[in-house]
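Contents: one structure, followed by commentary.
Just so we're on the same page: letters track the sequence lines, and every chain starts at 1.
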Amino acid sequence: MIALENVTKRYGGQTVVDDVSLTLGGEGVTALIGPNGAGKTTLFSLVGRLVRPDAGRVTIGGLDITTTPSAELAKSLAVLRQENHVAARLTVHDLVEFGRFPHSRGRLTVEDRAHIEQAIDYLDLDAYRHRFLDELSGGQRQRAFIAMVLAQDTRYVLLDEPLNNLDLRHMTEIMRLVRRMADDLGKRVVTVLHDINFAATWSDRIVAMRDGSVVADAPAREIMRPEVLRAVYDTDVDVREIDGKPVALYYG
Amino acid sequence: MLADPAAPARSPRTRPASWARPGVRLAVLGAVVLVLVAVYLFTGVPGRLAFALEIRSLTVVAMLVVSTAVGVSTVVFHTITQNRILTPSIMGFDAFYVLISTVIVFVSGSAAFLAFDEITLWFVQVVVMVAFSALLFGWLFGGKRRSIHLMLLVGIVLGTFFRSFTEWMQRMLDPLDFQVLSDAMFASLTRPDETLLVLSAVLVALGCAAVVPLRRTLDVLTLGEPAAVGLGVDHRRVVMALFAAVSVMIAASTALVGPILFFGLIVANLAYSYAGSFRHAWTMPTAVLLGMVCLLGGQLVLERVFGYGGTLSTVIDFAGGLFFLYLVLRKGAR
């Protein structure tokens, strides 16, 4: 499990994550929602050891992230960030190979190659494997990065806004994939999502943040209520039932 | 459950055409360097061959030391900073070198500067340059701040300060002193002192010994800090080690031949497009060999075409400036 105990992070005088205690990484898909500036990405950065907490402790599978070697943690936790700009010209295959770095330190074994093949197959990237990343569409690029995360072969997978800048078809495609990763491969996926309908449709649990604190944490269906969403986003959200599923309407 | 990784039907590496393979490209480049070395050593000998060879081979070794230091450190610097139009000189390395020499001339006059023991001078310059960068780096990256950009910015400001201060002192100099100083400040590869050459070569070799085992980690660093950390790279420790190696190599080569400003920028960027792979195991040696091609080619043009009518650094800075403009404009056009 990924456990945060009384974690606080401040930037300047502003508290971005405020005394959060939370356990993530249960079975299935957990969605992290909340308005911009709620502290979702900072929370990911804290777990992904990119920033150090000012107070509190983060453990992954019982290992304290400040004392455990980074290479060890990279075998149980993979993080896909929001921005993935790469200066060098890499092919899809090169990128996916990097996923094996925590295991092989760059010297690929037969087992590493098997994992790379599996990840490329799983993301249906075989036809693009020798393409350069800057020659791919947004959806293909996102799949390539997810393939890298998959090749890392970790129990926990953190995805920060994987649907950013994708069109309808690719958004659905990525969410279907995330679901399959959880159901077929047993990954514990935690993902930041902005579209609450995607969160409700594809995740098992929703954690809602606001102003650096967790304001709601429940199964998806319980979060999809006007009063809860109002408290999270400070905006009126109508929730209707369509074919037995709650759908939030917030288009105006 | 999986296809056998060695199965030929879907080999993960469909063999590219032989020219596209990095190994072939590097070998071709190596052959070009050997040819240039042979041309430089054996042609246009005015007197006894043995005498010419003795002097010229020292120059070739100096070129190798400089290309290695500049090529490897610039590629590493680009990877650390995630920016390919920088050179380590942005940290004020050359400016600091010129400042040290200017202070010596300013304080003790050109006669004393020329009489100064070369080895002591080299030693002082290396130590002061490394100390300066260690201080800057330790303060801005090693501490709580941990920001490469802040460090670069402070480096630029300090570099500008050194340059202005140097200029001010140079204006106060006696014209003869100034003449001696500006002569010494052009990079020169011919007739290096043997002891200095050996000392510099040792430092550069030590730098390489630190960088080469980290080549695969450097590959991961091309993805940027967040992704590298996610893949288990101890970013802070690795960058500190790499930066220390870069400082030592640059200091040693600058103290040996003088400032070569754009040289690293040209060879590193040519290496990225020529090497045929982003991997540092290929880009770094390619940059070094391209450095040899530039230096040997430049020296040959200078000696045989212009009859020593200039200095190598003028030729290289001119070409480097043009190439830099090309890089910036091409970036803008995209």
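Residues satisfying the ring-ring contact (aromatic ring centres under 6.0 Å, His included) test with Phe243(B), not counting sequence neighbours, are Phe137(B).
Contacts between Arg107(A) and chain B at a heavy-atom distance below 4.5 Å involve backbone atoms as well as side-chain atoms. For chain A, no part of Thr79(B) is nearby; none of its heavy atoms comes within less than 4.5 Å. Heavy atoms closer than 4.5 Å to chain A are found in both the backbone and the side chain of Asp219(B). Contacts of Leu95(A) with chain B are made by side-chain atoms alone, with heavy-atom separations under 4.5 Å and no backbone atom involved.
Geometric assessment of Arg180(A) against the ring of Tyr122(A) yields a positive cation-pi assignment under the 6.0 Å and 45° thresholds.
When atom types are taken as modelled, the side chain of Arg215(B) and the backbone of Val212(B) share a donor-acceptor pair closer than 3.5 angstrom.
By the 30° and 60° cut-offs, the orientation of the rings of Tyr272(B) relative to His78(B) is tilted.
With chain B as partner, the option from Ile116(A), Val79(A), Asp94(A) having the largest number of non-hydrogen pairs under 4.5 angstrom is Asp94(A). Your options are Leu223(B), Thr222(B), Asp234(B), and the one with the most heavy-atom pairs under 4.5 Å with chain A is Leu223(B).
Identified by a heavy-atom distance below 4.5 Å to chain B, the contributing residues of residues 144-154 of chain A are Met148(A), Gln152(A), in residue-number order.
Taking the six-membered ring where the residue is Trp, the centroids of Tyr156(A) and Phe44(A) are separated by 6.0 Å or more.
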